[in-house]
S.K.: 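Here it is: the structure, laid out below.
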Amino acid sequence: YVRNISDGNYLGLANLSLKKDCIFEIEANSKEGTAKFEIRANSPQGPILGIFEATPQGVWEDWKTYTVNVKVGIQPVQHIYIVCKHTQPN
């Protein structure tokens, strides 16, 4: 559970050792603004493996599950970073 995330903030997941494409399911909520999240390989500035947008739900209590296809490519991925990029103000 992560809250109060802002533009440029990220969540890191270490030592995953992803060797092939996979699907991530992520629960997220935004009360008013839309936020884009980039799933990146090995650093917050690394290659983008997948993207999803969290759409406003109107209230903080309603969470939505987003399914994201993660494209690993040729090189195994050791770490995943989920980077927040706001597209509309909260």
S.K.: Any chance you could measure Ile80, atom CD1, to Arg40, atom CZ, to the nearest 0.5 Å?
M.R.: 11.5 Å
S.K.: Mind checking the OG1-NZ spacing from Thr55 to Lys64? Nearest 0.5 Å is all I need.
M.R.: 4.0 Å
S.K.: Any chance you could measure Ile48, atom CD1, to Glu38, atom CD, to the nearest 0.5 Å?
M.R.: 4.0 Å
S.K.: What's the spacing between Asp7 CG and Lys85 NZ if we round to 0.5 Å?
M.R.: 6.0 Å
S.K.: Angle class for the Phe37/Phe52 ring planes (parallel below 30°, perpendicular above 60°, tilted otherwise)?
M.R.: parallel
S.K.: Using every non-hydrogen atom in the two residues, find where Thr34 and Pro56 come nearest and quote the distance to one decimal.
M.R.: OG1-CD, 3.3 Å
S.K.: Would Ile51 and Val68 satisfy side chain to side chain contact (heavy atoms under 4.5 Å, CB included), going step by step from the backbone distance to the final call?
M.R.: CA-CA 7 Å; Ile51 296 174; Val68 185; over 6 Å; no
S.K.: Find the distance between NZ (Lys71) and CG (Leu18) and round it off to the nearest 0.5 Å.
M.R.: 13.5 Å
S.K.: Could you state whether Ile26 and Val72 fall into the same hydrophobic cluster, counting links through intermediate Ile, Leu, Val, Met, Phe, Trp or Tyr residues with side-chain heavy atoms under 4.5 angstrom apart?
M.R.: yes
S.K.: Would you name the heavy atoms of Tyr66 and Gln57 that are closest together and state the gap between them?
M.R.: OH-NE2, 4.0 Å
S.K.: To the nearest 0.5 Å, what is the distance between CD on Gln78 and OG on Ser17?
M.R.: 5.0 Å
S.K.: Under the 3.5 angstrom rule, does the side chain of Asp62 hit a backbone N or O of Val59 as a donor-acceptor pair?
M.R.: no
S.K.: So, Asn42 side chain and Tyr81 main chain: donor-acceptor pair closer than 3.5 Å or not?
M.R.: no
